[in-house]
Amino acid sequence: MEKNYRAELVGVFGDPVDDNPTGVLEEAGFKALGLNYRYITMKVTPEDFDIAMKSLRALHMKGINLTMPHKIAVLPYLDGISEAAGIIGAVNTVVNRDGKLIGDNTDGKGFVQALKMEDVALKNKKITLLGAGGAAKAIAVECALAGAASVIVINRGRSHGEELVQTIREHTEAEAAYLPWEDGQPVPAGTDILINATPIGFAPNVTDRPQIDYDTITPDMIVSDVVFNPDITEFLKAAAKRGAKTVSGLGMLVCQGALNFTIWTGREAPYDVMYEALKKEFA
């Protein structure tokens, strides 16, 4: 067999993007399976985004991740889009299939997969979501599509909160409601899964935690955080002290990366290898 010196290229477009760790876990996965792929972290400004997207086909790239501020701007460049990404209105993963650019959103899918790996089912569950930004929207939609009975959105901004509620009601079978977020906000009674979908507590602000009434967290709740650095946040520590089962954001990030890996390569991702690589990076 002739040697192939050309690696298959994937990566991420974003600005800022210097602190994006996705390449660490993707490269670990490629190495583990002996795949000649390379993940490139690329700073792409909004002004250069058009050129960058056109380069995908010109460079025969297998695909790309999108982070801020490109998750919505990418939509006109795509030849197809997944159902969930269409509902969310944003794309974070693109695959180049024979010159056709197909978009997906693995933010929420990664969260759902992380719950499954912890034996947490979403069917008929009552979700309480802190935040209404991009990550919150992706998680809420995927939870609803996975069979959650209801989603309560707690957010300081009413317009974004009510907009997310309307999206859930229009496109899924789940019920949805909005609550304004005030300091000391109690967790609604009957909540099965409580999710912090805000960046509160992300390094370097590791001592911060969402301002809620932690005494309203009960032992029968599942409590999850999208923050992945640190792995165990103050939010999760406070929930664990009250007997709740906790699910960290690190698992969500790795599941998201594993989904990207499979979309691009067609191979099952080596989750354990990717998890350990990312955990070592943050250690």
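Every value quoted in this text rests on a predicted model; they were computed, and no experiment measured them.
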Q. Just wondering, more than 12 heavy atoms not from Lys126 lying within 6.0 Å of its NZ?
A. no
Q: For Asp18, look at atom CG and say whether over 12 heavy atoms of other residues, nucleotides or ligands are found less than 6.0 Å away.
A: no
Quick one: does any side-chain atom of [X] pair with a main-chain N or O of [Y] as donor and acceptor, under 3.5 Å?
| X | Y | value |
| --- | --- | --- |
| Asn96 | Met61 | yes |
| Asn155 | Ala132 | yes |
| Trp181 | Gln211 | yes |

Q | Residue pair Val44 / Ala52: nearest heavy atoms and the distance that separates them | A |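 Heavy atoms only, the tightest pair is CG1-CB, 3.7 Å.
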Q) Quick one: do the Asn20 and Thr41 side chains pair a donor with an acceptor below 3.5 Å? A)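 There is no such pair between these side chains.
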Q: Would you check if there is a donor-acceptor pair between the side chains of Thr106 and Asn92 at a distance under 3.5 Å?
A: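 Present: a donor and an acceptor within the cut-off.
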(Q) With side-chain contact (heavy atoms from CB on, under 4.5 Å) as the criterion, how do Arg57 and Leu101 come out once you've worked through the C-alpha distance, each side chain's angles and the decisive distance to 0.1 Å? (A) CA-CA 9 Å; Arg57 292 187 179 91; Leu101 301 184; 3.6 Å; yes
(Q) One thing to verify: whether Asp215 and Arg242 come together as a salt bridge, which I'm taking to mean a side-chain N less than 4.0 angstrom from a carboxylate O. (A)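 Salt bridge: yes.
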**Q.** Short N-O contact, Lys237 and Glu234, less than 4.0 angstrom
**A.**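 A salt bridge links Lys237 with Glu234.
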Rounded at 0.5 Å granularity, tell me how far [atom1] in [X] sits from [atom2] in [Y].
| X | Y | atom1 | atom2 | value |
| --- | --- | --- | --- | --- |
| Met274 | Phe261 | CE | CZ | 6.0 Å |
| His70 | Asn65 | NE2 | CG | 12.0 Å |
| Met42 | Ile64 | CE | CD1 | 3.5 Å |
| Arg97 | Lys62 | CZ | NZ | 10.5 Å |

Q: Using the six-membered ring wherever Trp is involved, compare the ring planes of Tyr77 and Phe49 and label them parallel, tilted or perpendicular (cut-offs 30° and 60°).
A: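 Correct class here is perpendicular.
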Q.
Students often mix this up, so state it plainly: with edges at 30° and 60°, are the rings of Tyr37 and Phe30 parallel, tilted or perpendicular?
A.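 It falls in the tilted class, 30° to 60°.
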Q) Would Val12 and Tyr39 satisfy side-chain contact (heavy atoms from CB on, under 4.5 Å), going step by step from the backbone distance to the final call? A) CA-CA 8 Å; Val12 58; Tyr39 190 98; 3.3 Å; yes
**Q.** Pairwise side-chain contact, Glu118 with Ile222, heavy-atom cut-off 4.5 Å (strictly under)
**A.** no
